[in-house]
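Below: one structure, written as structure tokens.
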Amino acid sequence: MAESEVYSLSVVRAEELDPKFKYKMSRIPGAERLMLCYQCGTCTADCPISRFSDFYRPRRIARMVQLGLKDRLLSDSALWLCSTCFTCVDHCPQGVEIAGIVRALRNLAVTEKGTIPLVQKELATSLLKTGYALILTGKYEFPRSKLKQRETLGLPPLPKPNLSDLEKIFEVTGASKAIEKAETFEQVKS
Ligand code: SF4
Ligand code: SF4
């Protein structure tokens, strides 16, 4: 299915709808209030990613979950555009946590569909190995300007990560195996 078709709701086929999906999602922490979304559009109006994207719309993600368009959602690379800034969560009049819904969908994309953007896999691998998603040297370098800013503000150096605790969390949650097995794809641009 073409990307625009994945994300468009202009044609929805009955066989695509999974009526149980919204109940499954509602049991996941962070996505509990998804059925309270009444499509006011505040989240989309305030989302910084939507401002620069022709197709990323948090309001539409909430509707797609309610409709049960599970396969479209999980195969949609736009899902990974959300920056988890939580603006939508702060502004939703119904207390729906779109950021939590997106996080739950991403987890399902990795664990059930077995796919993850290459950049996310590399960041997760870095986190597991070094304790930081952004590292001090290499491809995803922590901005030197930020380190300088910490010094200027009198903040202590970055804390030392507890790698054994991190390893346990990755192991217990199954994240290590799921991320290792997942196939990668190039992240779509907004
Ligand atoms: S702001 Fe809340 S109620 Fe309005 S569309 Fe977004 S999620 Fe739904
Ligand atoms: S958390 Fe994601 S969906 Fe919500 S406003 Fe921020 S970028 Fe948009």
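When a ligand or atom number is given, it counts from 1 through the structure's own listing order.
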Which of the numbered atoms in ligand 1 are below 4.0 angstrom from a heavy atom of [X]?
X   : result
I98 : 7 (S)
V96 : 7 (S)
R59 : 5 (S)
Y38 : 3 (S)

Tell me whether ligand 1 is touched by G41 - counting only heavy atoms on the residue side and a distance under 4.0 Å. yes
Does E112 have more than 12 heavy atoms from other residues, nucleotides or ligands lying within 6.0 Å of its CD? yes
Can you confirm whether more than 12 heavy atoms, excluding those of Y23, are under 6.0 Å from its OH atom? no
For ligand 2, which atoms, with element, lie under 4.0 Å from some heavy atom of [X]?
X   : result
P48 : 5 (S)
I49 : 7 (S)
F86 : 1 (S), 6 (Fe)
C88 : 1 (S), 3 (S), 4 (Fe), 5 (S)
S83 : 2 (Fe), 7 (S)

Check this for me, if you would: do E16 and R72 make a salt bridge, where the nitrogen-to-carboxylate-oxygen distance has to be below 4.0 angstrom? yes
Specify the protein heavy atom at minimum distance from [atom]: its residue, its atom name, and the distance to 0.1 Å.
atom                    : result
atom 1 (S) of ligand 1  : C43 N, 3.4 Å
atom 8 (Fe) of ligand 2 : C47 SG, 2.4 Å
atom 3 (S) of ligand 2  : Y56 OH, 3.3 Å
atom 2 (Fe) of ligand 2 : C82 SG, 2.3 Å
atom 4 (Fe) of ligand 1 : C40 SG, 2.3 Å
atom 6 (Fe) of ligand 2 : C85 SG, 2.3 Å

Can you tell me how far the [atom1] atom of [X] sits from the [atom2] atom of [Y], to the nearest 0.5 Å?
X    : Y    : atom1 : atom2 : value
L118 : L123 : CG    : CG    : 9.5 Å
C47  : Y56  : SG    : OH    : 5.5 Å
S26  : Q66  : OG    : CD    : 9.0 Å

Test side chain to side chain contact (heavy atoms under 4.5 Å, CB included) on S83 and I49 and set out the steps. CA-CA 8 Å; S83 65; I49 302 297; 4.3 Å; yes
State whether C92 contributes an N/O/S atom found under 2.8 Å from atom 2 (Fe) of ligand 1. yes
For ligand 1, note which part of Q39 has a heavy atom under 4.0 Å away: side chain, backbone, both or neither. backbone
Side chain, backbone, both or neither: which part of C37 has a heavy atom under 4.0 Å from ligand 1? both
For L128 versus E167, what's the shortest heavy-atom pair and its separation? CD1-CA, 4.0 Å
Provide the closest heavy-atom pair for I101 versus I61 in the form atom of the first, atom of the second, distance. CG2-CG2, 4.4 Å
Are L108 and L17 linked, directly or through intermediate hydrophobic residues, by side-chain heavy-atom contacts shorter than 4.5 Å (ILVMFWY only)? yes
Worked check of side chain to side chain contact (heavy atoms under 4.5 Å, CB included) between D46 and T42: CA-CA 6 Å; D46 296 343; T42 306; 3.6 Å; yes
Between the side chains of R59 and Q39, is a donor N or O closer than 3.5 angstrom to an acceptor N or O? yes
Under a 4.0 Å heavy-atom limit, does T84 contact ligand 2 with its side chain, its backbone, both, or neither? backbone
